[in-house]
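Read the numbers this way: they start at 1 and go in the same order the structure lists the ligands and their atoms. By convention here, the first residue in the shown sequence is residue 1.
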Amino acid sequence: MCENWDDDAPVVATVIPSFRRPGNNDEVWSGNTSNNDRPYYQRSKQYSRGRGNFRGNSREGRSDRRNGRAGDKCEELRVKCSFVGKIIGRAGAKIQELQSESGASIQVTQESNGETTLVKIFGNDSTISKAKELIEELTTDSIKIVHAKDLPQETVEKKQPILDWAKFMQECDEAEAAEWAKYPPIRKQFYKEHPEVMKMSESQVEKFREENNNIVVDRTFKTENSAPIPKPCPKFVHAFHEYPEILREIEKAGFETPSPIQAQAWPVLLSGEDLIGIAQTGTGKTLAFLLPAMIHLEGQNVSREDRGGPAVLIMAPTRELALQIDKEIKKYQYRGINSVCVYGGGNRKEQVAAVTRGVDIIIATPGRLNDFHESGIVNVKTVTYVVLDEADRMLDMGFEPQIRKVMYCIRPTRQTVMTSATWPLGVRRLAQSYMKDPIQVYVGSLDLAATHTVTQVIQVMEDNEDVKMDAVMEFVRNLGPDQKVIIFCGKKARADNLSTEFALSGIQCQAIHGDRDQCDREQALVDIANGTVQILVATDVASRGLDIDDITHVLNFDFPRNIEEYVHRVGRTGRAGKLGESISYFTRADWAQARELIKILEEADQFVPEEIYQMADRFDEMKKRKENDRARGGGSRGGRGGSSFGGMGRRW
Ligand code: AMP
């Protein structure tokens with residue numbers, strides 16, 4: 001038995017001091033020669049069979065050269081059974097190593113009491129002592145868990161971190177600042193409050209925000225000593241009275257008043273603050289970040305040639321959106337500022353040529369930007385104004401690594417703008433990483449304003465593709481010569497199906513969805529924009545951010561899966577001050593959306609068919625029933641009112 005084993009010891013003992021004969025404490029017991037005490041490898045074959053080859057090491061007795069040698073001592077240890085494998089090592093490698101390092105011969109015997117195993121060491125005093133030391137080392141380190149609070153004070157003091165993190169971080173910051181100090185300082189303040197804005201009282205400001213899509217504006221991460229948030233600019237001249245050329249460009253575009261996001265974002269951005277715009281496409285968000293970008297760019301003290309790279313970088317999730325932003329930029333001529341759009345799927349060679357010719361604003365999808373950045377084609381060190389447009393979508397599409405890689409190389413003192421339709425955790429993390437005390441502007445939780453210029457018609461119909469097909473055929477045959485429609489489908493296959501049906505009926509149309517080649521998608525947009533076709537069949541993914549001014553109708557062949565998408569789709573018409581109409585086929589399969597749809601329709605003062613109210617009620621009842629069932633521990637019921645739509649569908 002192991003005499004010295006102490007189960008309560010805080011540090012697990014791994015090597016038990018040598019077993020000493022009672023009453024003979026000074027004498028090392030050298031073992032006897034009875035068969036059972038002989039080293040494992042020296043025993044009969046039948047003993048070793050089936051127990052593996054490691055134990056005792058060296059069945060041939062190679063490492064046993066000293067064992068049995070006259071004058072060799074033998075010392076015994078008891079080690080915890082769980083360490084036996086560690087001492088032996090893979091294929092006996094460790095025990096061989098221990099032997100050659102110590103000069104002793106080590107045998108792990110079969111003698112075990114279930115807790116500890118007897119290990120014998122043969123050799124002289126010094127080799128035995130070395131072997132014991134090595135075994136002790138081997139079996140102690142890995143399992144020794146000592147809490148700092150249990151250590152003697154002087155040990156704790158010695159264990160203080162070697163690296164002073166605060167100092168290290170400070171040094172890193174200083175080194176980074178020294179590196180960036182080589183670049184010209186950034187100018188960010190371009191805002192002078194207009195006297196009329198200055199005169200606006202707090203309550204007038206509040207009233208303006210309330211009446212303009214319920215603008216909510218605040219610092220995202222509350223910090224002390226933040227500057228006050230600038231008041232909104234109800235008129236263009238309020239924001240740009242110092243920039244008459246910009247005012248002329250706006251006038252040329254024919255806009256009457258700033259959109260809500262513009263009214264609040266312009267004074268914020270012109271003041272040099274970082275901004276998060278929670279707004280969807282169609283709210284005027286592009287111009288909200290674009291005009292301040294141009295003023296910022298022009299206001300730096302470095303010429304394009306001296307800069308050696310773009311000053312403004314706009315990242316966008318899709319080529320469509322990137323191209324659309326580029327188109328928007330090109331509408332506004334300001335001091336010869338030029339832009340280039342780079343995106344995956346486009347002609348790389350041409351894009352490289354355009355970038356290397358010298359560019360002020362670069363609009364890019366993250367993948368292609370990363371490619372250009374890593375190949376040294378785009379130098380982002382010159383960038384002083386960054387926009388992450390539709391950040392939530394970029395994250396959804398998995399672009400976070402590319403965004404982070406590029407952002408890491410841009411000057412930390414830059415001005416950063418982010419737009420996002422939603423405010424999920426991923427977007428918040430991006431904001432935290434890359435923005436300095438940003439101001440956040442919400443323009444309503446949904447872009448409801450976009451739906452106010454649209455007559456929204458809901459057609460309740462049977463959940464049957466043939467029925468829908470008949471309805472859509474009738475609709476397109478009745479399209480007037482100046483009308484254009486985007487028909488939304490839930491799936492790519494459905495979009496293809498519909499296009500084929502139209503083609504077979506001699507109706508010209510274009511389609512845009514994720515499976516189509518980039519050039520086909522671009523052609524589709526050109527064709528609908530210039531009127532070559534009047535019908536564009538689209539899926540949600542491909543249509544995100546579509547901006548065609550004169551779409552007169554939106555037809556939801558399949559009702560969208562969520563109400564945000566509905567609002568987005570409807571907003572593809574009724575743009576740029578025009579009126580539009582949306583038609584949505586609504587079937588029993590869409591009942592889960594009924595309640596939210598009612599809210600949207602009522603808010604925009606639209607007619608709500610009675611069936612929609614009924615569907616909403618029935619859906620609520622079904623949900624309640626399910627909850628009650630669950631509460632009673634019954635789980636979900638099949639059949640009527642259960643998981644399928646069948647029961648409910650039959651009732652109306
Ligand atoms: P966006 O939300 O950036 O996709 O913009 C949607 C559309 O609104 C674009 O065609 C813009 O040209 C247009 N737009 C931008 N600002 C205004 C404004 N203040 N008044 C009317 N239309 C605008």
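- Taking the six-membered ring where the residue is Trp, His238 and His194 present tilted rings, their angle falling between 30° and 60°.
- For the pair Tyr332 and ligand 1, the shortest N or O to N or O distance does not fall below 3.5 Å.
- To the nearest 0.5 angstrom, Thr573 atom OG1 is 10.5 Å from Gln456 atom CD.
- Heavy atoms from other residues, nucleotides or ligands lying under 6.0 Å from CZ of Arg561 number 12 at most.
- At a heavy-atom distance under 4.0 Å, no atom of Phe289 approaches ligand 1.
- Not counting sequence neighbours, the partners of Glu602 by the side-chain contact (heavy atoms from CB on, under 4.5 Å) test are Ile598, Val608, Tyr613.
- Not a single heavy atom of Glu256 sits closer than 4.0 Å to an atom of ligand 1.
- To the nearest 0.5 Å, the span separating NZ on Lys252 from NZ on Lys331 amounts to 12.0 Å.
- Ligand-side atoms of ligand 1 in range of Thr286: 1 (P), 3 (O), 4 (O), range being under 4.0 angstrom from any heavy atom.
- Taking 4.0 Å as the cut-off, Ile250 does not count as a neighbour of ligand 1 on heavy-atom distance.
- Atoms OH and CG, from Tyr343 and Asp326 in turn, are 9.0 Å apart once rounded to the nearest 0.5 Å.
- Residue Pro258 places no N or O, backbone or side chain, under 3.5 Å from any N or O of ligand 1.
- At a 4.0 Å heavy-atom cut-off, ligand 1 touches Gln262 through the side chain alone.
- More than 12 heavy-atom neighbours from other residues, nucleotides or ligands sit within 6.0 angstrom of CZ on Phe221.
- Using a 4.0 Å cut-off to heavy atoms of Phe236, the atoms of ligand 1 that qualify are 19 (N).
- For a threshold of 3.5 Å applied to N or O pairs, the pair formed by Thr283 and ligand 1 contains at least one separation below that value.
- Counting the atoms of ligand 1 from 1 in the order shown, those under 4.0 Å from a heavy atom of Ser259 are 19 (N).
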